[in-house]
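Step one of this worksheet: look at the structure below.
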Amino acid sequence: MTDLIGMGLLGGALPREACSRAACSADATWRIDWRNPRIHTGERFKTWLACDEHIDYLRDFLAAREFPLTVSALEDAP
């Protein structure tokens, strides 16, 4: 049985750890933990997952807004 997290836009199953880039369903290999200091307290972080193709795009998107972030390999993530 596939849960809602694993459902694609057209009802097909996506990898459970898919890239967070819009319209990308590639397997994620990177984890980006970030926060917007204007709305998130110091302990609250959001997580985006990224494939090898989109890691630079997603990291640069957040860095351009000066959001604190860390990038780690998905298999190394806690």
(request) Report yes if the side chains of E17 and L74 come closer than 4.5 Å at any heavy-atom pair, otherwise no. (result) yes
(message) Whether the side chain of H40 engages the backbone of N36 through a donor-acceptor N/O pair (distance < 3.5 Å, no angle test) should be reported.
(response) yes
(request) Go through the steps to decide whether C24 and C51 satisfy the test side-chain contact (heavy atoms from CB on, under 4.5 Å), and finish with yes or no. (result) CA-CA 9 Å; C24 182; C51 65; 3.9 Å; yes
(message) Does K46 form a side-chain contact (heavy atoms from CB on, under 4.5 Å) with R35? I'd like the steps, not just the answer.
(response) CA-CA 6 Å; K46 290 192 165 199; R35 69 180 180 90; over 6 Å; no
(request) Check whether any side-chain heavy atom of F67 sits under 4.5 Å from a side-chain heavy atom of P37, and report yes or no. (result) yes
Taking distance alone, no hydrogens or angles, what donor-acceptor pairs closer than 3.5 Å link side-chain atoms of residues 55-64 to residues at least two apart or in another chain?
unit_1	atom_1	unit_2	atom_2	d
D56	OD1	R59	NH2	2.3

(request) Side-chain contact test, heavy atoms from C-beta onward, threshold under 4.5 Å: evaluate it for R21 versus W48 and give yes or no. (result) no
(request) With the side chain counted from C-beta on, respond yes when C19 and S25 share a heavy-atom pair under 4.5 Å apart, and no when they do not. (result) no
(message) Working to the nearest 0.5 angstrom, can you tell me the gap between E75 CD and W30 CH2?
(response) 8.0 Å
(message) Holding to side chain to side chain contact (heavy atoms under 4.5 Å, CB included), I want the full list of residues that pass it with T47, two or more places apart in sequence or in another chain.
(response) R31, D33, L49
